[in-house]
Amino acid sequence: MSDATDPWLIVGLGNPGPEYAANRHNVGFMVADLLATRIGGKFKRAQKAQAQVVEGRMGPPGPLSRRVVLVKPMSYMNLSGGPVTALRDFYKVPTDHVVAVHDELDIDYGTLRLKLGGGDNGHNGLKSMTKAMGPDYHRVRFGIGRPPGRMQVADFVLKDFSSAERKELAYLVDRAADAVELLVADGLERAQSAYNS
């Protein structure tokens, strides 16, 4: 079982490369980038895995602050499990201190849901992580809604947010970052009661 001194591994899921940067599937990267800014760090290439990392502390200064490692896997979404597991082992992070921030089709746009464990709901990043280390990690699920009409799911998640969605995107990414910080500082129940609307 983990304790308060164990570090947290916060994984923003997405695809590397500028052509994917604004896609719905990359909202995990967007949240990770904002968290890096908040803790005053810059992503750099990890020595031990195909990923970019930022190390720092989250929460109030002093004994209540938590050691965190922010991660953006650079392996493409469907291979995220390898780099995440390598970094979990390198930093000696218990699996229940791993947080995946990802897009979620089955939730309305902008809605957040936090949970521990569960299935992958067809999400390739989660599927790869679960295959590599089991399902017992936290998820911060960022709702993107279902594709309109007959659009294929793969096409929808690899498209940029619509202009209407982009009006709210910065606020929603900010809120998701707040939810991650509360989860790390105060635990899942507090974060769920604040953000699982």
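Note: hydrogens, waters and symmetry copies are ignored here, and every other heavy atom, side chains too, is used.
- The shortest heavy-atom contact between K48 and A86 is O-CB, 3.9 Å.
- Residues L172 and I107 do not share a hydrophobic cluster, defined by chaining ILVMFWY side chains whose heavy atoms lie under 4.5 Å apart.
- In this structure, the side chains of L158 and N15 come closer than 4.5 Å at one or more pairs of heavy atoms.
- If you take CG on N78 and NZ on K127, they are separated by 9.5 Å, rounding to the nearest 0.5 Å.
- Considering every non-hydrogen atom in both S128 and G82, the closest pair reads OG-N, 4.5 Å.
- In this structure, R141 does not pair ionically with D103, as no charged nitrogen and carboxylate oxygen lie closer than 4.0 Å.
- The backbone N or O of G117 sits nowhere less than 3.5 Å from a side-chain atom of D136 that would complete a donor-acceptor pair.
- Residue pairs meeting the salt bridge (charged side-chain N to carboxylate O under 4.0 Å, His left out) criterion with at least one partner in residues 49-61, sequence neighbours excluded, do not occur; the list is empty.
- By the side-chain hydrogen bond (donor to acceptor under 3.5 Å, both in side chains) test, T95 pairs with R88, sequence neighbours left out.
- Between D178 and Y195 the shortest side-chain heavy-atom distance falls below 4.5 Å.
- Residues Y76 and V84 fall into different hydrophobic clusters, defined by Ile, Leu, Val, Met, Phe, Trp and Tyr side chains chained together at heavy-atom separations under 4.5 Å.
- L169 CG to S162 OG: the interatomic distance, rounded to the nearest 0.5 Å, is 9.5 Å.
- Closest heavy-atom contact between G41 and V54: CA-CG1, 3.7 Å.
- Using a distance-only test at 3.5 Å, with no hydrogens or angles considered, no donor-acceptor pair links the side chain of Q52 to the main chain of K72.
- In this structure, CG in L13 is found 10.5 Å from CZ in R139, a value given to the nearest 0.5 Å.
- Across every non-hydrogen atom of V93 and P7, the tightest pair is CG1-O, 3.5 Å.
- Checking D33, L34, L35 one by one against V31, the side chain to side chain contact (heavy atoms under 4.5 Å, CB included) holds for a single residue, L35.
- Residues F90 and M133 share a hydrophobic cluster, clusters being chains of Ile/Leu/Val/Met/Phe/Trp/Tyr side chains in contact below 4.5 Å.
- Scanning all heavy atoms of the two residues, the minimum distance from A49 to P83 falls at CB-O, 3.8 Å.
- Note: the hydrophobic cluster containing I144 also contains M151 (ILVMFWY, side chain heavy atoms under 4.5 Å, direct or indirect links).
- Listed by first and then second residue, the ring pair (Phe, Tyr, Trp, His ring centres under 6.0 Å) pairs that reach into residues 120-146 are W8-H138, H25-H123, H102-H123, sequence neighbours excluded.
- Clustering ILVMFWY residues whenever any of their side-chain heavy atoms sit less than 4.5 angstrom apart, transitively, puts V180 in the very cluster that holds L112.
- By the salt bridge (Lys or Arg N to Asp or Glu O under 4.0 Å) test, D186 is found to be paired with R190, residues two or more places apart in sequence or in another chain being considered.
- Distance check: F43 CZ to T37 OG1 gives 8.5 Å after rounding to the nearest 0.5 Å.
- Between the S65 side chain and the G62 main chain, a donor and an acceptor come within less than 3.5 Å of each other.
- Note that the CG atom of L183 and the NZ atom of K115 stand 14.0 Å from one another [nearest 0.5 Å].
- The neighbour count for K131 NZ, taken as heavy atoms of other residues, nucleotides or ligands under 6.0 Å away, does not exceed 12.
- Environment of CD in E19: crowded, with over 12 heavy atoms of neighbouring residues, nucleotides or ligands closer than 6.0 Å.
- Interatomic distance, OG of S193 versus CG of L114, reported as 10.0 Å (0.5 Å rounding).
- Every residue meeting the ring pair (Phe, Tyr, Trp, His ring centres under 6.0 Å) condition with F161, not counting sequence neighbours, appears here in chain and number order: Y109.
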Show your reasoning for whether side-chain contact (heavy atoms from CB on, under 4.5 Å) applies to L79 and Q50.
CA-CA 10 Å; L79 298 171; Q50 194 180 356; over 6 Å; no

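- Closest of all the heavy-atom pairs between A51 and P73 is CB-CA, 4.0 Å.
- D174 is linked by a side-chain hydrogen bond (donor to acceptor under 3.5 Å, both in side chains) to R38, counting only residues two or more places apart in sequence or in another chain.
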Using the rule given for side-chain hydrogen bond (donor to acceptor under 3.5 Å, both in side chains), can you reason through N121 versus D106, listing the C-alpha separation, both sets of side-chain angles and the distance that settles it, and then say yes or no?
CA-CA 9 Å; N121 207 13; D106 284 341; 3.0 Å; yes

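- Under the 6.0 Å distance and 45° angle rule, R24 counts as a cation-pi partner of F156.
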For V157 and N23, what are the C-alpha separation, side-chain angles and deciding distance, and is it a side-chain contact (heavy atoms from CB on, under 4.5 Å)?
CA-CA 7 Å; V157 299; N23 288 178; over 6 Å; no

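- Under the 3.5 Å distance criterion, the side-chain polar atoms of D120 are left unmatched by any main-chain donor or acceptor of L126.
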Verdict with supporting geometry, V153 and L105, side-chain contact (heavy atoms from CB on, under 4.5 Å)
CA-CA 9 Å; V153 164; L105 286 159; 3.4 Å; yes

